[in-house]
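Since the structure comes first, as structure tokens, the remarks are kept for the end.
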Amino acid sequence: IVNQWHEDGFKVDVLSALPSYKASVEHDAVPQNEELPHGKVIRLNLPSEAGRPVIRVLNALKLCAAIFWYGLVLRRYSAIMISTSPPVMGGFVAMTVAKLTRSKFIYHCMDIHPEIGNISGEFSNPLVHKCLGFLDSLTCQFANVVVVLSEDMKRSLSQRKRGHGFNIAILNNFSLPDDVSVGGAEIEINPDKFTILFAGNIGRFQGLQTLVAAMAELAKNDEIEAVFMGDGQARGELELMAGRTGANIRFVGHHPVAVAKSAMTKTSIGYVSLVEGVCKYAYPSKTTVYLEQACPLLVSMESNASLAESVVENKLGVVVPPGNALALAACITELAADPRRVKQYRESAALYGAANFSPAVVLPAWSNLISRLLM
């Protein structure tokens with residue numbers, strides 16, 4: 001997005017952190033301050049948050065302080081955009097700086113908080129949830145535009161108190177670009193097996209226990225295999241569960257985007273899942289990468305979710321109810337026995353991904369958005 005805005009003639013500064021998404025992933029050394037032809041990147045040196053909630057709060061406060069310093073004290077910007085990390089507070093602070101400096105403000109909601117935090121238990125305290133909900137609604141109310149990823153997310157924000165007054169735009173993500181600075185070995189995918197690939201964060205919102213339970217039902221079928229590519233809080237639990245059941249599952253850990261994409265082109269079907277209720281507040285962005293690689297989808301979520309409806313309508317794959325391992329196992333068995341059907345889904349996925357999630361399609365929409373705000 002930054003590069004696109006550079007090409008549009010805008011000078012863009014970026015305030016972020018040094019690469020630290022997963023402690024187990026090595027990154028090339030990058031400078032804390034980097035001058036670019038059309039802007040600069042400021043990277044805060046923040047400690048790892050993995051399993052350290054106090055550090056997570058302190059890091060959020062440091063970022064908020066940096067937003068005030070760079071956006072209010074050092075210089076004034078025509079527009080300020082922030083995503084939902086850290087949740088609620090980052091957006092509220094960025095909105096406040098934008099109001100004080102009369103800048104345009106874009107709130108890029110990759111997830112909707114505190115609602116999704118209520119499901120995870122992170123913001124389940126009623127008083128905390130109410131206070132955070134009030135702050136986030138103020139952020140949305142004063143934003144020039146709130147960008148969400150799906151119709152479900154737009155509907156959820158609109159249903160808040162005073163939500164009808166939010167200026168909400170649906171602008172989904174494009175497929176992740178390859179990380180050319182990080183190498184990695186290819187993941188072996190057996191072409192003679194029906195392989196289900198899950199690639200992404202192995203966390204608490206994906207409900208991946210259902211896939212493990214479904215594979216346990218199919219443990220005697222050596223022609224069907226599931227591959228979990230990624231890392232996260234739930235990985236250890238899932239590995240123990242898979243080991244007890246004897247399911248045909250491989251956990252291959254975290255790999256660079258290019259390696260994941262290569263695996264998607266070889267696998268039979270890509271697995272996308274969310275626990276019940278989460279689809280109203282988030283959109284699994286791995287979907288865009290699967291489709292770019294012409295990988296059909298096996299989706300486990302409510303049938304009335306916008307993603308599920310688009311999968312059925314455009315023949316991109318199959319949708320099964322969330323949390324139903326027996327239905328998932330039956331669906332996998334049917335797909336494994338019908339390669340012609342899977343091939344048709346693959347062809348549809350390739351066309352749909354190119355038409356909806358390629359950078360060539362999505363990035364001009366970001367150009368239009370910033371141009372409407374500033375010109």
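Start at 1 with the first residue, then count along the sequence.
Checked against side chain to side chain donor-acceptor pair (under 3.5 Å), Gln233 has the following partners two or more places apart in sequence or in another chain: Arg204. Qualifying side chain to side chain donor-acceptor pair (under 3.5 Å) partners for Arg341, counting only residues two or more places apart in sequence or in other chains: Tyr345. Applying the side chain to side chain contact (heavy atoms under 4.5 Å, CB included) rule to Lys62 yields the partners Leu46, Pro47, Asn59; only residues at least two apart in sequence or on another chain are considered.
Note that CZ of Arg162 is 13.5 Å distant from CG of Leu157, once rounded to the nearest 0.5 Å. Here the straight-line distance linking atom NE2 of His164 with atom CD of Gln159 works out to 13.5 Å at 0.5 Å rounding. Between Tyr290 atom OH and Thr265 atom OG1 the span is 13.0 Å, to the nearest 0.5 Å.
Within the structure, no pair that satisfies the side chain to side chain donor-acceptor pair (under 3.5 Å) test touches residues 308-327, not counting sequence neighbours.
A donor-acceptor pair shorter than 3.5 Å can be found between the side chains of Asp136 and Tyr107. Side chain to side chain, Tyr283 and Asp111 fail the donor-acceptor criterion of an N or O pair below 3.5 Å.
Between Phe357 and Tyr352, the ring planes are perpendicular. Angles over 60° get that label, and only those under 30° would be called parallel.
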Side chains of residues 293-308: which donor-acceptor partners sit under 3.5 Å, not counting sequence neighbours?
unit_1	atom_1	unit_2	atom_2	d
Glu302	OE2	Gly277	N	2.7
Ser306	OG	Asp152	OD2	2.8

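Hydrophobic cluster membership of Leu171, counting Ile, Leu, Val, Met, Phe, Trp and Tyr whose side-chain heavy atoms lie under 4.5 Å apart directly or via other members: Ile1, Val2, Trp5, Phe10, Val12, Val14, Leu36, Val41, Met81, Ile106, Val145, Val147, Phe174, Val362, Leu363, Trp366, Leu369, Ile370, Leu373, Leu374, Met375.
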